[in-house]
Amino acid sequence: MRGSAGQVRHLLFVAYPPRPGRLLPPVAVTAAPTRGTLTPAVRRAVSRGRIGGREPAATPVPRPAAVVMASTAGADGAAAGGGGGGGGGGGGVSGGGVGGGPAAASTAATATPAAVALAAPASAATTPGPPSAAAAGGGAAGLASSLAAVRLQSTFVDTLPGDPITDNYPRQVSHAAYSLVTPTDPSVDDVMERVRLPPGEDPTAGGRIKTLPRGLLAWSPDVAALLGVDPASPPPAVGDPTFDALVGAAAATAAAAPAAADDRDAPAGDGEAAAAPAAALLDGSVPYAACYGGHQFGSWAGQLGDGRAITLGEVVPPDGGRFEVQLKGAGRTPYSRSADGRAVLRSSVREFLASEAMAGLGVPTTRALALLSTGAGVLRDKFYDGNAAVEPGAVVTRVTPSFLRLGSFELPASRGDVPLLKALADWVITHHFPHLAGAPESYASDSDRDGNADGADGGEDVDIKYGLLLREVITRNAAMVAHWQAVGFVHGVQNTDNYALTGVTLDYGPYGWLDAYDPMYTPNTTDLPGRRYCYGRQPAVAGWNLSQFASSFVPLVGLARARAALDTYATAYATAWAGHAGAKLGLLNFDYTPGVVEGLVTETPPPPPTADEALLAELLALMEESAADWTNTWRSLGRVPSTVPDGDGDGDGDGDGDEEADAALLAPLAAAVGADAPAALRSRWAAWVRRYSARVAADGRPDAERRAAMDAVNPAYVLRNYMAQVAIEQAEAGEFGELERLRVLLATPYKEQPGAEGYTAPPPAWASRRGVCMNSCSS
């Protein structure tokens, strides 16, 4: 994928008129309260689920326009604020977005893939309850026997400044990285408690009301192992305190909930009055919702924060690493705005499956430990068209090294809160980028083109590790997006608050994988008609997002160094993409032009493409014209031999062969070309195959070896939207076997599995309807 070359100064879409803009110098620093403002007594009260005395809401700090690069509001036709990712948004009946018309009638529940003979493993559940597993004895060597035996840490809360207000109500939160808040029992928000139906009327008639009993619907032993738990141990069952902690339930008794970390040092009878039932918590939990901001659809959205995600704490497993454990859909937080903080089953199934599918593909991603039904009903207007319905509530247990986002730095930078900005950078370096901590402590501040010092605090020395952190975040996110492009993944909501600092895929909302190759495909109805977040624009959007992130680092590294770090994005992305492209084509080396990214407006015109780039570009053009299936075409390409006839028998290599010869040549790619393709298009495909065969022959690698290498990077299976929809509709009907089958299948997507042929099929006709091929941000 090519575009302009040269140094990246302004990361804007070619499709839109360039607008003036630049990374701007920092503004005046405002004082911030220290961590000590959140006293141990207050922390204990919040961790027990009690309500502290209300303090006056902090006065919102106006956002200085001079910190973050000016965005182009409305340039793509999409309104800001429509569709935050998993942490923000808060959930609710209404929200931003475009939609219209009644929801399409459901047909997917019985329209399973053409062949679904893949045997369900023993752990597949068919009723609301935990998948069965090997009986638990002691944990394997060095592993805990259950999640209940794992003690969480709370370095994020212990180290960083927190919100001193402990009441759980919507507000602006200043000078704080988080607000302490506990999950609330799903029954508190159960809309079924307020539904009144005429006597004898079926509450499920017409599909407007769907509910499920409380239960564990899916469990990932692989993620349990990441947390240091024996993967063979049974998952928590309904009624188990660990289950209650993962579903956000209130503890059965005060004694049933493990005391939070601070309670261990608290004297008995500290004089605090009894309050609402304490939430069930994992051992050592100090739950909180993070405070951050972000750009949504290219416009600054101000404070966002975890509106329906609550982080319980951090796990440090025996073999090292650090993982945060978070509940998505566990209730309101100070960042929920007017929403309920809940999540529905359909979006939670999609999040669980996508997390594990991306891990199977080798793409950096958050993981999903558990999917649980809450037993409560949640009211949602799926397409924002006035047709609200009651859906089953659910909670996903998400796991990743850190849920910090680009927006975690954008918000304090926009408020001129440099102390918080520095504290966040110090914490993330200490715990997630420790190799940067040993860098020399400082270097001389740089100067801009006018010769004026632009380092932090008016030109003083700045810490080199911040500049290194900025560069590494840029490199990691460039590599992540290149991997998205390679496997045909479209995120759908590439807001800056949905980009993780660690470079993992975060917040699975209205995502999708490419079926027929279309670079303009967007899976998000809110992204219409501008298609800002379509497949073909993802690399450019990533660069734009990272330019906003670089702007937030200007107070820490200076303007020139922020610019220099941002200039590394194009090279980092192009290098990562070239690696994927060469591997997908089966080439030992892929000749590419460094620093070329499609969709970036830069200072110099692009150079001519290399021969390998031209070969790839022509393949993509043919795939688009033929509406070839992305995943299946790449998988089939490995079956093309390196030695093929030129097609006309005269040996001149011009390939002006007859139709019969072309048909034999194109046999491995017959599905991609299409049986009804015009003769001229078939001829172009045949000519391309001959050039491709000559190129791989030049590498001198045996065909069997090349095919094996290509199969290792071109998956046989991806989580197509219609496959997820089948699992959703079956789960809503109380059947969970398909959910487990997909989890197992997608854990090894590069290996063809007996009985799974139906899972390679392109989408059926019913999958073209709204709500399958495209989804809204409602969840």
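Under the ring pair (Phe, Tyr, Trp, His ring centres under 6.0 Å) criterion, Tyr511 pairs with Tyr508, Trp513, not counting sequence neighbours. Judged as a side chain to side chain donor-acceptor pair (under 3.5 Å), and not counting sequence neighbours, Ser636 has no contacts. For Asp711, the salt bridge (Lys or Arg N to Asp or Glu O under 4.0 Å) test picks out Arg635, Arg639, Arg707, with sequence neighbours left out. Shown here are the ring pair (Phe, Tyr, Trp, His ring centres under 6.0 Å) partners of Tyr592, two or more places apart in sequence or in another chain: there are none. A search for side chain to side chain donor-acceptor pair (under 3.5 Å) contacts involving Ser355 returns nothing, not counting sequence neighbours. Among residues two or more places apart in sequence or in another chain, the side chain to side chain donor-acceptor pair (under 3.5 Å) test is passed with Trp484 by Thr505. Shown here are the side-chain contact (heavy atoms from CB on, under 4.5 Å) partners of Glu660, two or more places apart in sequence or in another chain: Asp658.
To the nearest 0.5 Å, atoms OG (Ser347) and CZ (Arg350) are separated by 8.5 Å. The OH atom of Tyr759 lies 10.5 Å from the CD atom of Gln753; values are rounded to the nearest 0.5 Å. Residue Tyr517 holds its OH atom at 13.0 Å from CG of Asp629, rounded to the nearest 0.5 Å. From His295, atom NE2 reaches atom CD of Gln548 across 4.5 Å, with rounding to the nearest 0.5 Å. The distance from atom CD1 of Ile474 to atom OG of Ser547, rounded to the nearest 0.5 Å, is 9.5 Å. Here CD of Gln494 is found 13.5 Å from CD of Gln296. Values are rounded to the nearest 0.5 Å.
Residue pairs satisfying the salt bridge (charged side-chain N to carboxylate O under 4.0 Å, His left out) criterion with at least one member in residues 577-593, sequence neighbours excluded, are absent. Applying the salt bridge (charged side-chain N to carboxylate O under 4.0 Å, His left out) rule to pairs touching residues 665-685 yields Glu625-Arg684, sequence neighbours excluded. The salt bridge (charged side-chain N to carboxylate O under 4.0 Å, His left out) contacts involving residues 474-485 comprise Glu472-Arg476, where partners must be two or more places apart or lie in separate chains. Contacts classified as salt bridge (charged side-chain N to carboxylate O under 4.0 Å, His left out) and involving residues 513-525 (residues at least two apart or in different chains) are given here: Asp515-Arg720.
Glu391 has its side chain within reach of Arg346: a pair of non-hydrogen atoms, C-beta onward, lies under 4.5 Å apart. Between Leu361 and Pro715 the shortest side-chain heavy-atom distance falls below 4.5 Å. Annotation: side chain of Val349 is not in contact with side chain of Glu729 (no heavy-atom distance under 4.5 Å). Between Thr522 and Leu528, the closest side-chain pair of non-hydrogen atoms falls below 4.5 Å. A 4.5 Å side-chain heavy-atom check between Leu353 and Leu739 finds at least one atom pair inside the cut-off. Counting heavy atoms from C-beta on, the side chains of Val718 and Pro749 never come closer than 4.5 Å. Inter-residue side-chain proximity for Pro762 and Asn632 is flagged as met; some heavy-atom pair is nearer than 4.5 Å.
Between Pro539 and Tyr573, the closest heavy-atom pair is CG-OH, 3.2 Å. When every heavy atom of Val640 is checked against every heavy atom of Pro668, the shortest pair comes out as CG2-CB, 4.1 Å. Residue Ala542 comes nearest to Tyr569 through the heavy atom pair CB-OH, 3.4 Å, listed as atom of the first residue, atom of the second, then distance. In terms of heavy-atom proximity, Leu637 sits nearest to Met710 at C-CE, 3.8 Å. In this structure, Leu719 and Ala354 approach most closely via the heavy-atom pair CD2-N, 3.6 Å. The two residues Ala576 and Ala482 come nearest to each other via the heavy atoms CB-CB, 3.6 Å.
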Run the numbers on Asp662 and Arg690 for side chain to side chain contact (heavy atoms under 4.5 Å, CB included), then give the verdict. CA-CA 10 Å; Asp662 285 353; Arg690 293 185 177 93; 3.1 Å; yes
Verdict with supporting geometry, Glu752 and Glu757, side chain to side chain contact (heavy atoms under 4.5 Å, CB included): CA-CA 8 Å; Glu752 294 180 13; Glu757 293 80 8; over 6 Å; no
Evaluate side chain to side chain contact (heavy atoms under 4.5 Å, CB included) for Val363 paired with Phe489, printing each intermediate quantity in order. CA-CA 10 Å; Val363 182; Phe489 174 76; over 6 Å; no
Set out, in order, the CA-CA distance, both residues' side-chain angles and the distance that settles side chain to side chain contact (heavy atoms under 4.5 Å, CB included) for Phe297 and Asp527, then state yes or no. CA-CA 8 Å; Phe297 294 92; Asp527 197 27; 3.8 Å; yes
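Distance alone, capped at 3.5 Å, is enough to place a donor-acceptor pair between the Ser768 side chain and the Ala765 backbone. Side-chain N or O atoms of Gln725 include none that pairs as donor or acceptor with a backbone N or O of Ala767 at under 3.5 Å. In this structure a side-chain-to-backbone donor-acceptor pair under 3.5 Å is missing from Arg706 to Gly586. Distance alone, capped at 3.5 Å, places no donor-acceptor pair between the Tyr722 side chain and the Cys773 backbone. Counting only distance, with no hydrogens or angles, the side chain of Glu738 and the backbone of Gln730 share no donor-acceptor pair below 3.5 Å. Side chain of Asp699 to main chain of Leu587: no donor-acceptor pair is present (N/O by atom type, distance under 3.5 Å, no hydrogens or angles).
Note: Trp685 and Trp688 have perpendicular aromatic rings, judged against thresholds of 30 and 60 degrees for the angle between ring planes.
The distance between the ring centers of Trp630 and Tyr521 does not fall below 6.0 angstrom.
Side-chain atoms of Asp703 and Ser642 include a donor-acceptor pair closer than 3.5 Å. One side chain, Ser220 or Glu356, offers a donor N or O that lies under 3.5 Å from an acceptor on the other. Side chain to side chain, Thr526 and Asn524 meet the donor-acceptor criterion of an N or O pair below 3.5 Å. For the residue pair Tyr533 / Asn495, a side-chain donor-acceptor distance below 3.5 Å is found, with atom types taken as modelled.
Screening Val481, Asp507, Val504 for a side chain to side chain contact (heavy atoms under 4.5 Å, CB included) with Tyr499, the sole residue that qualifies is Val481. Considering Asn545, Leu506, Asn498 in turn, Asn545 is the only one that fulfils the side chain to side chain contact (heavy atoms under 4.5 Å, CB included) rule with Leu406.
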Which pairs would a plain distance check flag for residues 616-624, meaning a side-chain donor or acceptor within less than 3.5 Å of a matching protein atom at least two apart in sequence or in another chain?
| unit_1 | atom_1 | unit_2 | atom_2 | d |
| --- | --- | --- | --- | --- |
| Glu618 | OE1 | Arg691 | NH2 | 2.7 |
| Glu618 | OE2 | Arg691 | NH2 | 2.6 |

